[in-house]
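Have a look at the structure below before the remarks.
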Amino acid sequence: MYTATAESDSRLIERVAAGDRDAFTELYRRFARPVLSMALRHLGDKGRAEDAAQETFAAVWRSARSYRSDRGTGSAWLYAVARHAIIDRARQRRDHVAELPDEAASDRGPDERAEDSWLAWRVHSALEELPERERVVVELAYWSGLSQAEIASYLDVPLGTVKTRTRTGLARLAGLLEEVEA
Amino acid sequence: VNEHELDDVLGDDVPDEELARLRRVDALLRSVPAAPAEVPSSLNQAVDRIGRARPFWSPRRLAVGVALAAAVAALAFGVGRWSESGREYRAAVEMAVEEAPADASAVLKLGSRDESTGNWQIELDVSGLPHLPAGDYYVLWLARDGEYAAECGTFNVGPGLTRVEMNASYRLDDYDAWVISRHAENAPWLFSARIS
């Protein structure tokens, strides 16, 4: 099983609470894409999504002291901060946001949509923890529509390398997602 | 990754428990939409400014301070111009922030006029604007009655303070404002300064 050696999200938030800029930068590196992804899905506009993401990290900087590691994971706390920022941004346009809507699952109920949103957050956050070479291959494999052979050609690496990186990436993701659940 | 490819990727030597674990991840990945390919540089720059305490002598304050001190000295001694780093200046103005980020600044210094060519020397100190991608740039121009009237030069910015030197051969009496905007039709004014 893959064991994360990087500093935990919780520890990074605690360091941010003490005014540590390096910890803030690392937290941003880990969560920028998950935050932006969630904002894009729910606001449907790049500019507003970017504003919501910026507000999320401004709120992280301001409010990190309110985080209590005994009440939940760092990732879950960040998810809640991002969610509030996105809802605020949506309300500024007087959009009705009882729950964050998800265009991809508009026929699902509020509880299911919230679960979808949290699931996507966990997967995207875990992907950010993969080594770059594995993350790129996994993302191409699942979201580009390219076959393994086409990915090998696109990245100009042997097909065997693509398969190895995909498999290793999946195994690493499994470990990371189990850590979140733990 | 289709089912056939997944079997090929995982191989046939994986223990059942590990196989089930990898298939769960495979199913998760299939169930969520893609994240954006990359984070926009404008967001990176905006977030980079969060929490950074601005020293009292920021590039903006320093530039304005030096220029104003020189202007005051020039007036005090009745010279009407001053020298700084080997260059001679006649006026300095901190441009008003229009649609630029709130903590951005632009200080325009007007140098001497070359009598043989009619060119004014212009020096612009800019900070807080995002760096633009290749092919895109900012423009310093002169406005009359709120409309574009003449271009003085183009530039891009880097991190921190960017100093740009330009020349313009216009009669400034013919215009009523300096303006900085992005190079695009109907781009909003980022900074402006009245010509008095």
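So you know, we letter chains A, B, ... as the sequences are listed, proteins then strands, and number each from 1. Worth knowing before you read on, the calculation uses all heavy atoms, side chains too, and leaves out hydrogens, waters and symmetry mates.
Note: Asn44(B) CG to Arg29(A) CZ = 12.5 Å, rounded to the nearest 0.5 Å. Atom CG of Leu170(A) and atom CG of Leu10(B) lie 6.5 Å apart (nearest 0.5 Å).
Using a 4.5 Å heavy-atom threshold, the side chains of Trp61(A) and Val47(B) count as separate. Within the 4.5 Å cutoff, side-chain heavy atoms of Trp143(A) are placed close to those of Val32(B).
Of all heavy-atom pairs spanning Glu18(B) and Ala171(A), the tightest one is OE2-CB, 4.1 Å. Between Lys163(A) and Val9(B), the closest heavy-atom pair is O-CG1, 3.7 Å. Taking both residues in full, the closest heavy atoms of Arg33(A) and Pro36(B) are given as NH1-O, 2.7 Å, listed atom of the first, atom of the second, then distance. The shortest non-hydrogen separation linking Gly175(A) to Arg21(B) is N-NH2, 3.4 Å. Scanning both residues, Ala120(A) and Pro33(B), for their nearest heavy atoms gives CB-CD, 4.4 Å. What you find for Pro40(B) and Leu36(A) is that their closest heavy atoms are CD-CD2, 3.4 Å.
Shown here is Asp16(B), whose CG atom has no more than 12 heavy atoms of other residues, nucleotides or ligands within 6.0 Å. Few gaps surround CG on Asp70(A); more than 12 heavy atoms of other groups in view lie less than 6.0 Å from it.
In terms of hydrophobic clustering, with Ile, Leu, Val, Met, Phe, Trp and Tyr side chains grouped at heavy-atom distances under 4.5 Å, Val93(B) and Val179(B) are assigned to different clusters. Taken together through direct or relayed side-chain contacts under 4.5 Å among Ile, Leu, Val, Met, Phe, Trp and Tyr, Leu142(B) and Tyr137(B) form parts of separate hydrophobic clusters. Cluster membership check: Leu190(B) shares its hydrophobic cluster with Tyr175(B), using side-chain heavy-atom separations under 4.5 Å among Ile, Leu, Val, Met, Phe, Trp and Tyr. Linking ILVMFWY side-chain heavy atoms closer than 4.5 Å, directly or via other members, places Tyr148(B) and Phe155(B) in two distinct hydrophobic clusters. With hydrophobic clusters built from ILVMFWY side chains whose heavy atoms lie under 4.5 angstrom apart, Val35(A) shares a cluster with Val39(B).
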Given side chain to side chain contact (heavy atoms under 4.5 Å, CB included), test Leu29(B) with Leu173(A) step by step and report yes or no. CA-CA 10 Å; Leu29(B) 287 167; Leu173(A) 271 176; 4.0 Å; yes
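Counting heavy-atom pairs closer than 4.5 Å to chain B, the top-ranked of the candidates Val60(A), Val123(A), Ile151(A), Val162(A) is Val123(A).
Under the side chain to side chain contact (heavy atoms under 4.5 Å, CB included) rule, Tyr28(A) has a single partner from Ile50(B), Asp48(B), Leu43(B), which is Leu43(B).
For chain B, the nearby part of Val138(A) is the side chain; its heavy atoms alone come within less than 4.5 Å. If you measure heavy-atom distances from Ser31(B) to chain A, the contacts under 4.5 Å come from the side chain alone.
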